Amino acid sequence: MNDENEMFYARHDGVEGLLQRGRGLGAIRALQDPTKSARFVHDAIRRDWRWHATDDRALYLAWLVQELGLSLSPILGWLAADEEACLRACEVLQLLALIGVEEAREGLRAYVRQGRHWRRVLESVASCWPTEWWEDLGPLARARISEGGEPPWCVEPWIRFGIKVPGRTRVPRASLDQLGTAELLGLLADVRGQEETKCEALRALLGRQPTEELIPLVPLSGPPDGHRVPALIARAVDRLGAAAVPAAKGWVQDGRPWLVQLGAQVLAEHPGPEALPGLVQELAGQWASHTWCGPDRTARRLARFGPDAAAAAPYLRRFWLHTPHSYERAAYLRALTAIDPHGLDYALTESLWDCEEHARLLAVASAPAGPEALARIAILSDDPAETAEVRAAARTRLRQQPGNA
C-alpha cells in the first residue's frame, strides 16, 4: 500500500480494518464471528494490505484460516494469479503446511510441478519447510529449469539440486555458531581477517546475549572505505543500547563515512534531556500528517525518558490504534510501557495475537498472567509455524509461572 491508497483502509476499530492492519484484536473478534469474518480474511490474502514490505501478515492469516476452518480452495486458486498474489498465497499455504494441513502442502507441491511461478514458490518452501518435504522435487526442478525463464535467485534449493545460481557458485560457508563468544570476538579483532568471515562472526554474535566487548572492535568490523553502515554491525550495536554512546562520540570524529554515520545514529537514539520537547513536537507533527513510516524511531527515543515523556503518550496511543504500518506498532506499545503503562493490560494481551513478531515477543514478556493470556502463550510455545524466538520466549514465560519451576 502507499499514501494514495490510505483511503481504502476500513475503520481501525471494525473487524475488517483490524484484520487489514494485522491487529491482535482483529483475530480475537474474527473468532467470535467466523461467518462474517471469513470474507475479510480471504480478502486480506487476496489483496496486499501491508503498508510496507517490512510488514508481516502470513502467519497471522494462516492461523486465522486454520482456526476459522476456512476453505483453502480460493487460496490455492490465487497461486494461478500474478506473481505477487501467487507468493502471498504461497506464504500462507506453506505455514499452514507446517501447522499440519496436508492439503496446503500437497497443493504447493502440485504447483511446483505445473505452475507458472514455480521457481519462486520452490525457493519459498525450501526456506521454510523441512528438507525432506521438497528435496524429492530435484529431478522435476532440473527438467523444468531447462525450459528457460529467469535464473534462480536463492542458494536453496538449487545448489542442492546441482543447478548453478548466478553469483553463487560456491557452497555457503559453514556457520560459526559452534565457536565461543571470545573466539568470535577474536575474528573481529583480526585486522587481516576477511570481510566475509567477520560478517559470519557478527551473525553468530547476534544470536547471543549482547556483549560490551564488541564496542572497541566495531571500527575493525566494517569495510575501510564503505559509505553505508553494514546492516549486521548496525544491528549488533543497536542491541548494546546506551553502552555504545561513549564510543559513538569518537566514531563521529572518524574519517570513515560508515563509522561516522553509525556514531551519529547511536547518539541520535540516546538524546539528552534537552531533546525531549522537540521529540514530543516531532511525534505530534507526524500524527498530524499521518506519517506512518518513521514515528517508531521517535517513539524509541521518547521511551528512554520514561514518565518524563508523558506528553507523548496520547500520540503513541493513537499511532498504536490507527497505524496500517504494522511493523512499527510494537515500538509504540513498548514506548507506552516505559512512559505511561496505565491501562495497557488489554493492549498487551491482545498483542499475543498480533501479526508482528516483535509485538508478540513484547506481549509474551509483559502481558498480565490471566487465563486467556497464559493459554495463548502455551499455544505459541508449541506452534511449529511460529518463529523460534517467540516459541523460546513463550516457554521461558511459562516456566516462570508459579508452580512451574
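For the single chain, residues carry numbers from 1 onward in sequence order. Since the model is a prediction, treat every value here as computed from it, not as a measurement.
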Could R113 and W118 be counted as a cation-pi pair, given that NZ or CZ must be under 6.0 Å from the ring centre and within 45° of the axis? no
Residues [X], [Y]: salt bridge by 4.0 Å N-O rule:
X    : Y    : result
D383 : R391 : no
R46  : D43  : yes
E156 : R160 : yes
R109 : D136 : yes
D177 : R203 : no
R360 : E386 : yes

Under 3.5 Å, is there a donor-acceptor pair between the side chain of [X] and the main chain of [Y]?
X    : Y    : result
R144 : V112 : yes
E328 : D296 : yes
R142 : F161 : yes
R228 : Q261 : no
R23  : V15  : no
H358 : A330 : no
R397 : V364 : yes
Q401 : L398 : no
S366 : A363 : no
K198 : S221 : no

Min side-chain heavy-atom separation [X]-[Y] under 4.5 Å:
X    : Y    : result
R29  : L19  : no
W78  : I45  : yes
C293 : H325 : yes
I75  : H42  : yes
T181 : L185 : yes
L344 : R317 : yes
P368 : Y346 : no

For residues [X] and [Y], report the shortest heavy-atom separation together with the two atoms involved.
X    : Y    : value
A385 : I99  : CB-CG1, 3.8 Å
D56  : E356 : N-OE2, 2.7 Å
L262 : W251 : CD2-CZ3, 4.0 Å
E357 : V390 : CG-CG2, 3.7 Å
A58  : E91  : CB-CB, 3.8 Å
L95  : A62  : CB-CB, 3.9 Å

State the NE2-CZ distance between H12 and R318, to the nearest 0.5 angstrom. 11.5 Å
Does T323 form a side-chain hydrogen bond (donor to acceptor under 3.5 Å, both in side chains) with R21? I'd like the steps, not just the answer. CA-CA 7 Å; T323 184; R21 292 165 174 82; over 6 Å; no
For atom [atom1] of [X], decide whether the heavy atoms of other residues, nucleotides or ligands shown that lie under 6.0 angstrom number more than 12.
X    : atom1 : answer
E213 : CD    : no
R334 : CZ    : no
Q114 : CD    : no
Q209 : CD    : no

Please check if the distance between the ring centroids of H52 and W292 is under 6.0 Å. no
side-chain contact (heavy atoms from CB on, under 4.5 Å) between L122 and W158, worked out: CA-CA 9 Å; L122 183 53; W158 310 111; 3.9 Å; yes
Would you say the side chains of S124 and Q94 form a donor-acceptor pair under 3.5 Å? yes
Donor-acceptor pair between Q286 and T298 side chains, under 3.5 angstrom: yes
Might you work through the side-chain contact (heavy atoms from CB on, under 4.5 Å) test for H117 and L79, ending with a clear yes or no? CA-CA 8 Å; H117 305 296; L79 291 172; over 6 Å; no
Relative to each other, are the rings of Y9 and W51 parallel, tilted or perpendicular (30° and 60° limits)?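 If you compare the ring of Y9 with that of W51, the planes turn out tilted.
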